[in-house]
Every structure is written in C-alpha cells, then in structure tokens.
Trainee: 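Before anything else, here's the structure in question.
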Amino acid sequence: MRIHIATDHAGLDFSTQLQDHLRAAGHEVVDHGPIVYDAVDDYPAFCIRAAQAVVRDQAAGVETLGIVFGGSGNGEQIAANKVEGIRAALVWNLSTAELAREHNDANVIAIGARQHTFDEVTALIDRFIATPFSGNERHARRIAQIADFERDGSLLPDPRA
C-alpha cells in the first residue's frame, strides 16, 4: 500500500520513525514534508498536499491512505478535510482508529504527536491500515451524503421543515 505522510514540527520525529516502520512492513511511503525541523512551520500546505495525493492515487486505482501529524492532530485533520474526497479522522485510541476505517471509510488518519508515545502511534496506524471498510449499507449511505454535500451542497430534506 502507498502511504502519504505529512506533519508539522511537532510530529517530525514521529514521521521519520514511522516511515521506517511502514517501509519495514512493506508499504511505499511518500513524505510530503517538512524535511527539516522548523518550530514555526505552517502545516496546512504539507497536509493538503498529502491529502491531494491520496485522492489522486485513489482515483487512479492505487491502494493508498494518508497520515497527518501535529501536536494535537486537530489542525492537520481540518486541513486534510478541505480536500474534496478526503475523509480524515482524528484518532486517539485503537477503537477510533478501527471505526474510522470500518464505519467512515476514512482515507486519512490524523494523530496528535504530543498526545502519544511512538509505540501507541504505530499501533494506531497499524490498526487503521489493517481495518477494511465494512461496506455496510448505512455507512455507505452516510458517506455518500457527505460526498454529495461536498460536491454540490445538497442535503437530504430537513424533516422539521
């Protein structure tokens, strides 16, 4: 599987270590930056480029996922979710990592590097990668509703109206 990675300064060490872990597991890793530590770097461009690459690869039929890191993972998740076709999920335990894939077919995982040890991070990512989308009709329906809104602003009728 191809894995696109992006971070900010807070996640740079984890990103570097994680790339080695993922390559050892047989994955192709594409690093979208940063390359060097800069305490005042701006993560949005790194995360957006990684998310765009995930969308491009998936459109081309390449099996791919993305990982974005930051101090909390919140901003990185927000940035990735600005890319049409991305479903980025902030995860903080094994259950949220699994459910992100199983129920939401998330294609990007966001993690707070300052919130976890490296062993915890690898466990979250390994679980995320290993978990398939359930394909359950209700989950697919909800994902389609989100994609419809993202594409053209359409929503189901408001039952209160």
Side-chain angles (χ1 to χ4, degrees), residues 1-8 11 14-33 43-44 46-70 72-152 154-156:
M1 177 179 297
R2 185 176 296 159
I3 309 290
H4 294 277
I5 294 181
T7 187
D8 72 352
F14 273 11
S15 177
T16 303
Q17 293 175 11
L18 180 64
Q19 289 178 52
D20 294 337
H21 170 79
L22 291 169
R23 286 185 181 109
H27 300 291
E28 175 189 354
V29 179
V30 181
D31 183 2
H32 293 272
Y43 62 83
F46 302 130
C47 296
I48 289 169
R49 286 185 187 112
Q52 289 171 324
V54 168
V55 169
R56 275 193 308 272
D57 279 354
Q58 288 183 328
V62 177
E63 186 180 19
T64 189
L65 292 170
I67 303 166
V68 294
F69 286 100
S72 69
N74 285 309
E76 294 73 19
Q77 177 202 26
I78 291 167
N81 273 321
K82 296 302 179 184
V83 176
E84 184 175 349
I86 289 299
R87 291 174 306 283
L90 179 67
V91 302
W92 58 91
N93 62 28
L94 292 174
S95 178
T96 58
E98 189 172 299
L99 290 170
R101 291 284 302 137
E102 195 173 84
H103 288 193
N104 304 112
D105 199 16
N107 49 12
V108 172
I109 189 175
I111 299 173
R114 292 184 177 142
Q115 316 303 315
H116 304 283
T117 66
F118 180 72
D119 288 340
E120 291 170 339
V121 167
T122 56
L124 294 173
I125 290 167
D126 289 346
R127 178 69 59 93
F128 178 74
I129 291 170
T131 303
F133 175 53
S134 70
N136 183 287
E137 187 278 328
R138 77 178 191 273
H139 300 308
R141 182 181 68 243
R142 293 167 184 161
I143 293 166
Q145 290 172 18
I146 294 167
D148 289 347
F149 179 79
E150 183 177 59
R151 184 181 54 260
D152 62 21
S154 64
L155 291 172
L156 293 175

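Model, not experiment: these values are computed from the prediction.
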Trainee: Taking the side chain as every heavy atom from C-beta outward, state whether Phe133 and Ile143 have any atom pair closer than 4.5 Å.
Mentor: yes
Trainee: Asp152 and Ser154: side-chain donor and acceptor closer than 3.5 Å?
Mentor: yes
Trainee: What heavy-atom pair brings His4 and His32 nearest, and what distance separates the two atoms?
Mentor: ND1-NE2, 2.8 Å
Trainee: Would you check if Trp92 and His116 make a side-chain contact, meaning some heavy-atom pair closer than 4.5 Å?
Mentor: yes
Trainee: Within the distance-only criterion (no hydrogens, no angle test), does the side chain of Glu150 pair as donor or acceptor with the backbone N or O of Gly85 below 3.5 angstrom?
Mentor: yes
Trainee: Which label fits Phe14 and Phe69: parallel for a plane angle under 30°, tilted from 30 to 60°, or perpendicular past 60°?
Mentor: perpendicular
Trainee: With a 6.0 Å cut-off (strictly less than), is the heavy-atom count around CD of Glu63, excluding the residue itself, greater than 12?
Mentor: no
Trainee: Between Thr122 and Asp119, do the side chains contain an N or O donor and an N or O acceptor separated by less than 3.5 Å?
Mentor: no
Trainee: With no hydrogens and no angle check, is any side-chain donor or acceptor of Arg101 less than 3.5 Å from a backbone partner on Thr131?
Mentor: yes
Trainee: Please indicate whether Phe149 has more than 12 foreign heavy atoms, meaning atoms of other residues, nucleotides or ligands, lying under 6.0 Å from its CZ.
Mentor: no
Trainee: Can you give me the closest heavy-atom contact between Gln115 and Ser72, atom names plus distance?
Mentor: NE2-CA, 4.0 Å
Trainee: Specify the closest pair of heavy atoms between Gly70 and Asp8, including all atoms of both residues, with the distance to one decimal.
Mentor: CA-OD1, 3.3 Å
Trainee: Does the side chain of Val54 come within less than 4.5 Å of Leu65's, by heavy atoms?
Mentor: no
Trainee: Just so I know, are the side chains of Thr64 and Val30 near enough to count as touching, which here means a heavy-atom distance under 4.5 Å?
Mentor: no
Trainee: Looking at side-chain heavy atoms only, is the closest gap between Gln58 and Val62 below 4.5 Å?
Mentor: no
Trainee: Compare all side-chain heavy atoms of Asp105 with those of His139 and state whether any distance is below 4.5 angstrom.
Mentor: no
Trainee: For the side chain to side chain contact (heavy atoms under 4.5 Å, CB included) test, which of Ile129, Ile125, Leu18 pairs with Ile3?
Mentor: Ile129
Trainee: In the structure I gave you, are the side-chain heavy atoms of Asp31 and Gln19 within less than 4.5 Å of one another anywhere?
Mentor: yes
Trainee: Taking Asp148 for its side chain and Leu156 for its backbone only, find out whether a donor-acceptor pair lies under 3.5 Å.
Mentor: no
Trainee: Applying salt bridge (Lys or Arg N to Asp or Glu O under 4.0 Å), name anything that partners Asp126, two or more places apart in sequence or on another chain.
Mentor: none
